[in-house]
Amino acid sequence: MPKSFYITTPIYYVNASPHIGHAYTTIVADVLVRYHRMIGEKTFFVTGTDEHGDKIAEAAQKAGITPQEYADKISAQFRNLWPKLAITNDYFIRTTDANHIETVRYILQKVYDSGDIYFGSYEGHYCVGCERFYMEKELVEGKCPDHQTKPEYRKESNYFFRMSKYQDWLINHIKNNPDFIRPERYKNEALAFLRDPLDDLCISRPKTRLEWGITLPFDENYVTYVWFDALINYVTALDYPDGKKFKTFWPAAEHLIAKDILKPHGIYWPTMLKAAGIEPFQHLNVHGYWNSDQSKMSKSLGNIVRPLDLKDKYGLDAFRYFLLRDMVFGLDSNFSEEAFVQRLNSDLANDLGNLVSRTITMAIKYCDGKVPRVSRKDKNQSLHEAALKTVTEVEASFSDMSLHKALIAIWDFINIINKYIVENEPWTLGKDPANKEKLTAIMYDLLLALRAIAVLLMPFMPQTAQKILRQIGAEESQDFNLISIKKDDALKAGSPLVRGESLFPRIVQEKENHVQEKKTSMIDLKPEIDYEEFAKVDLRVAKILAAEPVPKSNKLIKLKVDIGEERTIVAGIGKDYTPEELIGRKILIVANLKPVKLMGVESYGMLLATDADKGLTVLTFDREAKTGGKVR
Ligand SMILES: [Zn+2]
């Protein structure tokens, strides 16, 4: 029997259109479910919308439409967004669905019959925005701390769920299952709520003031409080109580939420389940907020954009990558276009994109455009071992919800592959036919490593993974899972290699400062200088990101380098180096030389080189130097 995996997002309240927070939660759920599918588990993924309550009724009234029409409109925005983010949910639930209404009424009746729902009266400060009563001590200067508005004083008779009865049970359950709520900070927060006596939960609203809700099965003058209604979606979606899905998936339930709804999910929901005789869920996984300061966003790019627009501007996979890589699960993170573009350029364009394109280019050149046949004895195990280590790290990251760590592990592997290329210099081996076997084995190892990268990236960046697989001639195979990475012959000899478009074109940020055009001249004779004069020269470690010949010149090469910021420099080394072998190297440049134009190309700096036996040799480093590091 395969293991099961059930993942839910919160059902999103239809009082607002989708934003970055909704997108993040849903993408995380999607990455998780794609991963669990890939490792062969039976999976079920549910998202949807929460549509009842005061706020919806009010918003609909303002818009001059019925609550149902209003809910239909906003719910559709969510439903239509998910395919654009490559979300692969199995089910989209709405709390206005007939099967959900039936399930809510079934559970209410069950809990009522067992004596855990009673009728009582309540008076207090009621915030319409929060849809709940506040205790005097919870108010800040008499106002709701969330809405900064003065609550209404209300007195009404209502139905209450005996939540207090389950306080001790819940404390013990959380203590006995330390990752029931994770990361740990949120477990502690839930336990802190539970230090004070738990009040019973008011679960009804009189129809005299709210009709937009599910009518209580035992009193038709009342509708159900929106949280008691909404949380039940997680079991409605599995056809509780008798559905086969409920038996299969409920024991493996993973809820995913943002920290603002910890209390309903960490306190109300487990006690509701307990009272209804349903086993608790497995884990409540809680993440932080994306802070996006719109005023700070994208000044340098000249326009202000909403985070979700960046998906269209830079591509879905880059968007998914940024969200997953830049947020430590559980903590808050800042969303900015600058940070997005930086990740795109450094991790995606440089590290991954360059690796794929140069490997494919070399493999086509040295292996006649096909996956080569290699005998086992020729294979170098170092890359394969690095792949296996990465698989282990990725598995561990998924089991403890630290997806950014999975990506860090994958990028460590990408860097190992890049280093393998630099160390083995296929372009040098390629000059002598005697090296054919060795070169072929190296190319096979590289292609196999690309396959492993594609498989590992599949849950995160499904489109990119497919593009890589197509380029290495592995698209047709169906064997895309972690186990396949463990085979060192996963690529079929003879499959055609395909040179594709650049996976992630670099984003060029507009620079505000203009180029001052002034020729500088080299001086042959150098008089003595003092230290202050020397210190004016800003020497930096530069990593070569891209290299190409300058058109119509027989020795100039245009280099794109990283010195902490990006530069173009033009160097006269085209007779001594091919562009291919320069990429990825770290060199030494003069960074504060005034720009010059060489054969029509602006050069913002100069690399250092010296005479070799034949031609020139570029100055490099004895040990791994830090990109952008100052040289003194
Ligand atoms: Zn409020």
Side-chain angles (χ1 to χ4, degrees), residues 10-22 25 49-63 67 70-71 74 78 95 120-161 163-164 186 189-190 192-214 222-231 233 257-269 271-272 284 286-292 332:
I11 44 173
Y12 303 117
Y13 205 38
V14 294
N15 66 334
S17 296
H19 58 63
I20 183 76
H22 302 121
T25 315
T49 45
D50 177 10
E51 308 184 0
H52 290 125
D54 292 343
K55 271 187 275 186
I56 307 308
E58 274 183 19
Q61 202 181 11
K62 263 186 209 157
Y70 184 83
I74 309 285
F78 283 94
T95 54
S121 74
Y122 195 89
E123 55 188 286
H125 305 279
Y126 186 85
C127 174
V128 178
C130 297
E131 301 190 7
R132 76 172 183 94
F133 283 99
Y134 273 92
M135 287 185 290
E136 195 82 49
K137 66 172 185 187
E138 290 178 291
L139 300 174
V140 178
E141 292 168 3
K143 289 178 179 170
C144 163
D146 288 347
H147 291 90
Q148 315 297 331
T149 52
K150 199 171 150 31
E152 298 166 25
Y153 197 81
R154 283 185 180 178
K155 180 177 179 179
E156 58 189 35
S157 293
N158 265 312
Y159 287 89
F160 290 84
F161 164 51
M163 196 159 69
S164 57
Y186 299 107
E189 206 173 301
F193 282 138
L194 291 166
R195 242 174 256 138
D196 292 329
L198 207 52
D199 289 326
D200 288 343
L201 184 68
C202 178
I203 55 141
S204 65
R205 297 291 182 265
K207 280 193 180 168
T208 48
R209 72 173 168 87
L210 178 70
E211 284 194 40
W212 183 238
I214 299 175
Y222 287 86
V223 296
T224 312
Y225 169 52
V226 68
W227 272 112
F228 205 94
D229 159 357
L231 290 161
N233 93 86
I257 61 165
K259 63 183 183 180
D260 56 335
I261 49 176
L262 174 61
K263 193 172 179 183
H265 282 82
I267 313 282
Y268 304 174
W269 182 225
T271 57
M272 284 166 62
L284 177 62
V286 189
H287 68 75
Y289 290 149
W290 279 101
N291 301 314
S292 66
D332 291 353

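What you are looking at is a predicted structure, and each value in this text was computed from that prediction instead of being measured. Quick note: numbers below take in every heavy atom, side chains included, and nothing from hydrogens, waters or symmetry partners. Counting starts at 1 for both ligands and their atoms, following the listed order.
- A donor-acceptor contact closer than 3.5 angstrom links the side chains of H125 and E136.
- Excluding waters, the set of protein N, O or S atoms lying under 2.8 Å from the Zn ion (ligand 1) comprises C127 SG, C130 SG, C144 SG, H147 ND1.
- Here P67 pairs with A60, W212 under the side chain to side chain contact (heavy atoms under 4.5 Å, CB included) rule; sequence neighbours left out.
- The side chain to side chain contact (heavy atoms under 4.5 Å, CB included) search around D146 returns C130, Y134, C144, not counting sequence neighbours.
- Of the N and O atoms on the side chains of Y126 and D54, at least one donor lies less than 3.5 Å from an acceptor on the other residue.
- Between the side chains of T224 and D229, not a single donor N or O lies within less than 3.5 Å of an accepting N or O.
- Remark: E138 pairs with R132 by the salt bridge (Lys or Arg N to Asp or Glu O under 4.0 Å) rule, at least two apart or across chains.
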